[in-house]
Amino acid sequence: MAQQKAPQKLIANNKKAYHDYFIDETYEAGIALHGTEVKSMRMGKCSVKESFIRIENGEIYVYNMHVSPYEKGNIFNKDPLRVKKLLMHKYEISKLAGKVAEKGYTLVPLQVYFKDGKVKVEVGLARGKKLYDKRQDIAKKDQRRETEREFKVKNI
């Protein structure tokens, strides 16, 4: 009997990262959280819009990731913007450190989700876009939207 995979429940998505960066590779990382933070995430109270990732002393941390305090958490609540440690294998971290040392690469959190009851963060290895790249993306999106609209009108 084949075991079914549980679907991933999305908590937070970083659409701005796809607008500002070319995402070359993605990695999955666990995240070290306290109990009230997990409860708050179960309610969907998390934001990764302005967050970024740094590698320090062979460990990887996420900054500015906002996890709202849990309403019933009283004294156990932590600072919403505290630095959170990401959990990855050493060889993955050293590989990412080597890539980030190259010119123009950075690490950004793309999404936060539940997988098998655990909170996971999708980390993207990204290169910054120039203004003309963003304009090209907007033009492509407008063109695609226009063709979809024409197609819809023809089929009605």
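For the single chain, residues carry numbers from 1 onward in sequence order.
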A.B. asks: For the CZ atom of F114 and the CZ atom of R42, what is their distance to the nearest 0.5 Å?
C.D. replies: 4.0 Å
A.B. asks: Quick one: pull up CE in M88 and OH in Y27 and give me the separation to the nearest 0.5 Å.
C.D. replies: 7.0 Å
A.B. asks: Within this structure, what is the NZ-CG distance for the pair K118 and L33, rounded to the nearest 0.5 Å?
C.D. replies: 12.5 Å
A.B. asks: Share the residues that join L110 in a hydrophobic cluster, the rule being Ile, Leu, Val, Met, Phe, Trp or Tyr side chains under 4.5 Å apart at the heavy-atom level.
C.D. replies: Y18, Y21, I23, V108
A.B. asks: Over all heavy atoms of both residues, which pair between M41 and I11 is shortest? Give the atoms and the distance, please.
C.D. replies: O-CG2, 3.8 Å
A.B. asks: Could you list the residues that satisfy side-chain contact (heavy atoms from CB on, under 4.5 Å) with K141, not counting sequence neighbours?
C.D. replies: R144, R145
A.B. asks: Considering residues at least two apart in sequence or located in another chain, which fulfil the ring pair (Phe, Tyr, Trp, His ring centres under 6.0 Å) criterion with F52?
C.D. replies: Y63
A.B. asks: List the residues meeting ring pair (Phe, Tyr, Trp, His ring centres under 6.0 Å) with Y61, not counting sequence neighbours, and say none if there are none.
C.D. replies: none
A.B. asks: Going by salt bridge (charged side-chain N to carboxylate O under 4.0 Å, His left out), name the pairs with one or both residues in residues 16-35, residues two or more places apart or in two chains.
C.D. replies: K16-E50, D20-K134, D24-R127, E25-K99, E28-K115
A.B. asks: Taking salt bridge (Lys or Arg N to Asp or Glu O under 4.0 Å) as the definition, give me every residue that meets it alongside E146, ordered by chain and number, with sequence neighbours left out.
C.D. replies: R149
A.B. asks: For Q143, give me all partners under side-chain hydrogen bond (donor to acceptor under 3.5 Å, both in side chains), at least two apart in sequence or on another chain.
C.D. replies: none
A.B. asks: Taking only residues two or more places apart in sequence or in another chain, which ones pass side-chain hydrogen bond (donor to acceptor under 3.5 Å, both in side chains) with K85?
C.D. replies: E59
A.B. asks: Could you tell me if the side chain of V112 sits less than 4.5 Å from the side chain of V119, heavy atoms only?
C.D. replies: yes
A.B. asks: Mind listing the closest non-hydrogen atom pair of A29 and L86 along with its distance?
C.D. replies: CB-CB, 4.2 Å
A.B. asks: With L107, which residues qualify under side-chain contact (heavy atoms from CB on, under 4.5 Å), at least two apart?
C.D. replies: I53, I55, I60, L96, V100, V123, L125
A.B. asks: Are the side chain of N14 and the backbone of Q111 linked by a donor-acceptor contact shorter than 3.5 Å?
C.D. replies: no
